[in-house]
Asker: 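Below is one structure. I have some questions about it.
The analysis underlying the following values was restricted to heavy atoms, covering all of them including side chains, and did not include hydrogens, waters or symmetry mates.
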Amino acid sequence: MVVEKKYVLSIDQGTTGTRAMLFTREGLPVPGGRAYREHRQIYPKPGWVEHDPLEIRENTKLVIKEVLEKTKVDTREIAAIGVTNQRETTIIWDPRTGKPVYNAIVWQCRRTAPLVEKLREEYFDVIRKKTGLVPDPYFSGTKIWWLLDNVEGLREKAERGEAVFGTIDTWLIWNLTRGSREVQTPERGGAHVVDYSNASRTMIFNIHRLDWDDELLEIEGRIPRDILPLPRPSSDRRIYGYTGPEVTKILGGVEVPVCGDAGDQQAALFGQVGFDVGELKCTYGTGNFILMNTGDRPVESRHNLLATVFYGLEEGRARYALEGSVFITGAAIQWIRDGLKLIEVSPEIDPLAEAAEDTGGVYFVPAFVGLGAPYWDMHARGLIIGITRGTQRRHIARACLEAIAYLTRDVVEAMEADTGMKVSRLKADGGAARSDFLMQFQADILGIEVWRPVVFETTSLGAAYLAGLAVGFWNSLDEIRRNWRVERVFKPRMDPETRERLYRGWKAAVKRALGWAKEVPWAYGLE
């Protein structure tokens, strides 16, 4: 008996945790069909951030199991599995044992700043032209370099084929398909692949040729090409592989194709059906990530934005995007909660901020790990400025939320300058987009409408769409586009004079945060 395919399973492996979700053909979450588990944040030194890859692997299996137990769906009705992930985070592991040689080095980690300084001095233009990126510790290339130089014996193992590299999507797909009958690289245990969008975030991938670049591999620490995964389209009808024995057991003995993959921010724009040139979204997560669809060619930014691959649906071809990456936004709310103890749970920041008519002149620049677009200052550090004797915790809470909106405006203005297009609306998603206060202030400080969708988990949804397209669960982008629904539109209410006065204050605060770690390098382990 042929069983009708009714669902797609999505795995969203983010910076703070792992989520599994089941989606219907209408692009809606199955009731009860979601599960989430946090993982540890490891800080060995100031500015260093790590995750345990084995913890992430186990959490992934646990959330899949939990979703299936909660929904009690017939696993034969699951058409495919899609993966989306925190990007740039770097893992190297032994393909024979599946054990990492070191913890995952997270995208936020700044340990490779000295290596990046060398690249900026000698190869800035080469890297920018080939990758669309600016040299920064954010990206994977110098993380691989650091691991090869600092893990004893790793370079020799890599040259002997006893180590492989992957971003988080590669790690998960390898583990999901490990031992599968369809794995195309059986000697390496699982499907060792990466989609074009994730590959474009490594700083060693040529986004024009859609392949690893030998010159970049050489200048970024003599990275052996053999350790790298095979670049593939984000939605691949050839599929990456079927689930291996461990995961198939969780799925009740059903082998499910793994065939969709995109970095979390690209997946979010895909989930927001941003298929037309000029479509713009902002994901409000640990950081803010603003992407604009630029079509079949990358746009070379003149305002410190990144050109990146949006997605690919066929071999050797891709759609591109302009991206502005803001490192710390939602994480600043967590710091308000855990560091300053001003609130007990994150949602409490909204009523606290709303209790203040304004910030009382306080600005909060959350440059905890430097500033990303459009500043790209890895030596910037966080500050709260404008404090007076009358400053209360409600003012700091409001300044924190307002900072998220200011940082977004910084990027949107740069995008308009790069493309010559006037942005008319912003699609918002991510956890912090649930804040009505933040969304209204965002509309006010941008002077444009902010559209919030019915389905908030657009990152998970985008991964599901990519996987479903690969197996014919959805047949076209137009079919997917018809699924999108708006939940609320926030219209600007602030007068232009107030808007620009507040924004001038923000720019003045940022100016004081720039370059701080250079002034006191000993405080951050940079001497």
Side-chain angles (χ1 to χ4, degrees), residues 11 13 53-54 56-57 60-61 80-102 104-105 140-141 143-144 147-148 151 154-155 157-202 204-206 210-214 217 223-248 255-263 309 312 315-316 463 466-467 470:
I11 298 167
Q13 203 302 295
L54 296 178
I56 288 172
R57 183 184 71 186
T60 300
K61 291 190 287 188
I81 296 174
V83 173
T84 183
N85 55 290
Q86 54 167 315
R87 305 169 304 169
E88 300 91 20
T89 296
T90 297
I91 307 172
I92 295 181
W93 69 96
D94 185 328
R96 300 165 302 176
T97 65
K99 292 183 178 180
V101 302
Y102 189 87
I105 301 180
S140 310
K143 293 175 170 59
I144 303 171
L147 287 165
L148 290 171
V151 175
L154 179 56
R155 187 173 291 278
K157 288 181 180 178
E159 291 170 352
R160 293 196 302 264
E162 297 172 5
V164 292
F165 152 76
T167 42
I168 290 286
D169 60 314
T170 302
W171 169 247
L172 289 185
I173 292 169
W174 189 91
N175 279 286
L176 288 169
T177 62
R178 189 178 184 189
S180 164
R181 59 186 171 86
E182 293 292 331
V183 166
Q184 296 178 7
T185 53
E187 73 281 0
R188 296 196 171 192
H192 189 220
V193 299
V194 64
D195 94 294
Y196 296 152
S197 73
N198 276 294
S200 74
R201 310 298 298 182
T202 59
I204 52 176
F205 186 76
N206 190 310
L210 298 177
D211 197 6
W212 306 114
D213 189 282
D214 290 330
L217 295 178
I223 297 170
R225 192 181 180 99
D226 285 347
I227 74 170
L228 303 176
L230 177 68
R232 297 280 292 274
S234 312
S235 180
D236 200 335
R237 289 190 177 271
R238 290 189 296 144
I239 77 167
Y240 308 133
Y242 285 86
T243 52
E246 282 191 25
V247 180
T248 296
E255 294 181 341
V256 177
V258 181
C259 47
D261 178 21
V309 174
E315 197 81 35
L466 288 165

Asker: Given side chains that start at C-beta, do those of Y240 and D195 come closer than 4.5 Å, heavy atoms only?
Answerer: yes

Asker: If you apply the rule side-chain contact (heavy atoms from CB on, under 4.5 Å), what do you find for I56 with I168, and how did you get there?
Answerer: CA-CA 9 Å; I56 288 172; I168 290 286; 4.2 Å; yes

Asker: Could you please spell out the steps behind the side-chain contact (heavy atoms from CB on, under 4.5 Å) verdict for N85 and D261?
Answerer: CA-CA 8 Å; N85 55 290; D261 178 21; 3.8 Å; yes

Asker: Is any side-chain heavy atom of V193 less than 4.5 Å from a side-chain heavy atom of D236?
Answerer: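 Side-chain contact under 4.5 Å: no.
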
Asker: Looking only at atom types and distance, does a side-chain atom of R87 sit under 3.5 Å from a main-chain N or O of T167, one as donor and one as acceptor?
Answerer: no

Asker: Looking at residues at least two apart in the chain, or sitting in another chain, which of them share a side-chain contact (heavy atoms from CB on, under 4.5 Å) with E315?
Answerer: Y196, P233, R238

Asker: Return yes if some donor-acceptor pair links the side-chain N/O of T202 with the main-chain N/O of S140 below 3.5 Å, else return no.
Answerer: no

Asker: Heavy atoms, side chains only, cut-off 4.5 Å: are I223 and L228 in contact?
Answerer: yes

Asker: From the options R178, K61, R57, select the one residue that forms a side chain to side chain donor-acceptor pair (under 3.5 Å) with E246.
Answerer: K61

Asker: Looking at A191, is its backbone amide N or carbonyl O close enough to the side chain of T177 to form a donor-acceptor pair, meaning the two atoms are under 3.5 Å apart?
Answerer: yes

Asker: Evaluate the side-chain proximity of P100 to L54: yes if any heavy-atom separation is below 4.5 Å, no if none is.
Answerer: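 The answer is yes, as the side chains (C-beta and beyond) meet within the 4.5 Å cut-off.
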
Asker: Sequence neighbours excluded, which residues qualify as ring pair (Phe, Tyr, Trp, His ring centres under 6.0 Å) partners of F205?
Answerer: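 Only W212 meet the ring pair (Phe, Tyr, Trp, His ring centres under 6.0 Å) criterion with F205.
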
Asker: Please give me the minimum heavy-atom distance between A262 and S197, naming the atom from each residue.
Answerer: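 Shortest heavy-atom contact: CA-OG, 3.4 Å.
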
Asker: Grab the two heavy atoms, one from N175 and one from V247, that are nearest each other, plus how far apart they are.
Answerer: O-CG2, 4.3 Å

Asker: Does any part of the side chain of P224, heavy atoms only, come nearer than 4.5 Å to the side chain of L148, both counted from C-beta?
Answerer: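 The answer is yes, as the side chains (C-beta and beyond) meet within the 4.5 Å cut-off.
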
Asker: Mind listing the closest non-hydrogen atom pair of A199 and V194 along with its distance?
Answerer: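 The answer is N-CG2, 3.7 Å.
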
Asker: Suppose we screen for side-chain hydrogen bond (donor to acceptor under 3.5 Å, both in side chains). Which residues come up paired with Q86, at least two apart in sequence or across chains?
Answerer: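 Partners of Q86 by the side-chain hydrogen bond (donor to acceptor under 3.5 Å, both in side chains) criterion, ordered by chain and then number, come out as Q13, H51, T89.
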
Asker: Can you list everything that forms a side-chain hydrogen bond (donor to acceptor under 3.5 Å, both in side chains) with R225? Sequence neighbours excluded, please.
Answerer: D211, D214

Asker: Can you name the residues that form a side-chain hydrogen bond (donor to acceptor under 3.5 Å, both in side chains) with D213, not counting sequence neighbours?
Answerer: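 Applying side-chain hydrogen bond (donor to acceptor under 3.5 Å, both in side chains) to D213 gives K130, N206, R209.
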
Asker: Can you list the residues that meet the salt bridge (Lys or Arg N to Asp or Glu O under 4.0 Å) rule with E159, with sequence neighbours excluded?
Answerer: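 Counting only residues at least two positions away or on another chain, E159 forms no salt bridge (Lys or Arg N to Asp or Glu O under 4.0 Å).
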
Asker: At their closest point, which heavy atom of W93 faces which heavy atom of F165, and how far apart are they?
Answerer: CZ3-C, 3.8 Å

Asker: If you look at every heavy atom in V101 and V151, which pair is closest and at what distance?
Answerer: O-CG1, 4.1 Å

Asker: Roughly how far, to the nearest 0.5 Å, is the CD1 atom of I91 from the CG atom of L172?
Answerer: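 It is 7.5 Å, given to the nearest 0.5 Å.
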
Asker: Is T248 reaching over with its side chain to a backbone N or O of T243, donor-acceptor style, under 3.5 angstrom?
Answerer: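 Present.
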
Asker: Taking only residues two or more places apart in sequence, or in another chain, which ones meet K157 in a salt bridge (Lys or Arg N to Asp or Glu O under 4.0 Å)?
Answerer: none

Asker: Against I105, only a single residue in L147, I144, I92 fulfils side-chain contact (heavy atoms from CB on, under 4.5 Å); can you say which?
Answerer: L147

Asker: Any side-chain heavy-atom pair from L466 and T84 closer than 4.5 angstrom?
Answerer: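 L466 does not reach T84 side chain to side chain.
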
Asker: Any side-chain heavy atom of T170 within less than 4.5 Å of one from H192?
Answerer: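 Yes. Closest side-chain heavy atoms under 4.5 Å.
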
Asker: R155: which residues meet the side-chain hydrogen bond (donor to acceptor under 3.5 Å, both in side chains) condition with it, sequence neighbours left out?
Answerer: D149

